[in-house]
**Q** 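Mind looking over this structure? Questions follow.
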Amino acid sequence: MAPAQKPLNLANLLGEILEVTGADHDGENEISPTATTPLRELGFDSLALLELGIILEEKYSVSVNTASFRLPPNATADDLWKFLKNRQI
């Protein structure tokens with residue numbers, strides 16, 4: 001029997017972003033990341049977006065077409081969350 005999938009919410013999404021970027025493991029990181037912190041400040045780039053898409057599909061059964069998400073310079077986790085919600089995750 002397959003394990004139950006976790007529900008995806010903004011807090012989980014931010015946690016996955018921090019995991020992908022390594023921002024949650026850096027003891028010297030002076031950023032206190034929130035849902036409104038620009039993703040680029042966390043080291044999030046197009047490769048991180050691809051990796052995040054894979055994680056979201058594996059852990060949350062959320063299929064993400066990362067090519068359709070344009071990553072503007074000041075994009076935040078909240079922006080990505082809104083994008084995913086509009087895709088009716």
Side-chain angles (χ1 to χ4, degrees):
M1 181 191 301
Q5 297 293 318
K6 294 196 270 183
L8 182 61
N9 57 38
L10 181 56
N12 290 343
L13 178 63
L14 181 58
E16 297 300 345
I17 289 169
L18 296 176
E19 186 69 31
V20 166
T21 62
D24 62 338
H25 299 295
D26 187 312
E28 298 175 14
N29 188 352
E30 295 180 11
I31 297 172
S32 181
T34 68
T36 58
T37 303
L39 296 174
R40 299 222 188 249
E41 286 184 20
L42 303 174
F44 197 83
D45 57 15
S46 57
L47 290 176
L49 181 61
L50 291 172
E51 186 176 345
L52 180 65
I54 293 168
I55 290 169
L56 293 180
E57 189 161 344
E58 289 175 354
K59 286 188 176 180
Y60 303 95
S61 296
V62 174
S63 181
V64 180
N65 180 357
T66 54
S68 65
F69 180 70
R70 304 279 186 254
L71 196 61
N74 292 324
T76 65
D78 190 48
D79 294 329
L80 185 53
W81 174 246
K82 288 175 186 171
F83 169 79
L84 292 172
K85 281 186 68 170
N86 285 336
R87 298 288 185 262
Q88 299 183 346
I89 58 168

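Predicted, not measured: the structure shown is a model, and the values here were computed from it.
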**Q** Which one of Thr76, Leu14, Leu8 satisfies the side chain to side chain contact (heavy atoms under 4.5 Å, CB included) criterion with Trp81?
**A**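 Per the side chain to side chain contact (heavy atoms under 4.5 Å, CB included) rule, the option paired with Trp81 is Leu8, out of Thr76, Leu14, Leu8.
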
**Q** Measuring only between side-chain heavy atoms, which start at C-beta, is Asn86 closer than 4.5 Å to Phe83?
**A**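 They are not in side-chain contact.
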
**Q** Suppose we screen for side-chain contact (heavy atoms from CB on, under 4.5 Å). Which residues come up paired with Asn74, at least two apart in sequence or across chains?
**A**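 Here no residue qualifies.
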
**Q** Less than 4.5 Å apart, side chain to side chain, heavy atoms only: is that true for Leu13 and Leu56?
**A**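 They are in contact (side-chain heavy atoms under 4.5 Å apart), so the answer is yes.
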
**Q** Please round to the nearest 0.5 Å and tell me the distance separating atom OG of Ser63 and atom CG of Leu84.
**A**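 Answer for the OG-CG pair, Ser63 versus Leu84, is 10.5 Å.
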
**Q** Run the numbers on Glu51 and Leu47 for side-chain contact (heavy atoms from CB on, under 4.5 Å), then give the verdict.
**A** CA-CA 6 Å; Glu51 186 176 345; Leu47 290 176; over 6 Å; no

**Q** Looking at Asp45 and Arg40, what are the two nearest heavy atoms and their distance?
**A**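 So the minimum-distance heavy-atom pair works out to CA-NH1, 4.2 Å.
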
**Q** Can you name the nearest heavy-atom pair linking Leu39 to Ala77, along with the distance?
**A**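 Answer, listing the atom of Leu39 first, then Ala77: CD2-N, 3.6 Å.
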
**Q** On a heavy-atom basis, which atom in Leu80 and which in Ile17 lie closest, and how many Å separate them?
**A**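 Looking at all heavy atoms of both residues, the shortest contact is CD2-CD1, 4.1 Å.
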
**Q** Calculate, to the nearest 0.5 Å, the distance between atoms CG and CG belonging to Asn12 and Asn9 respectively.
**A**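 It comes to 4.0 Å.
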
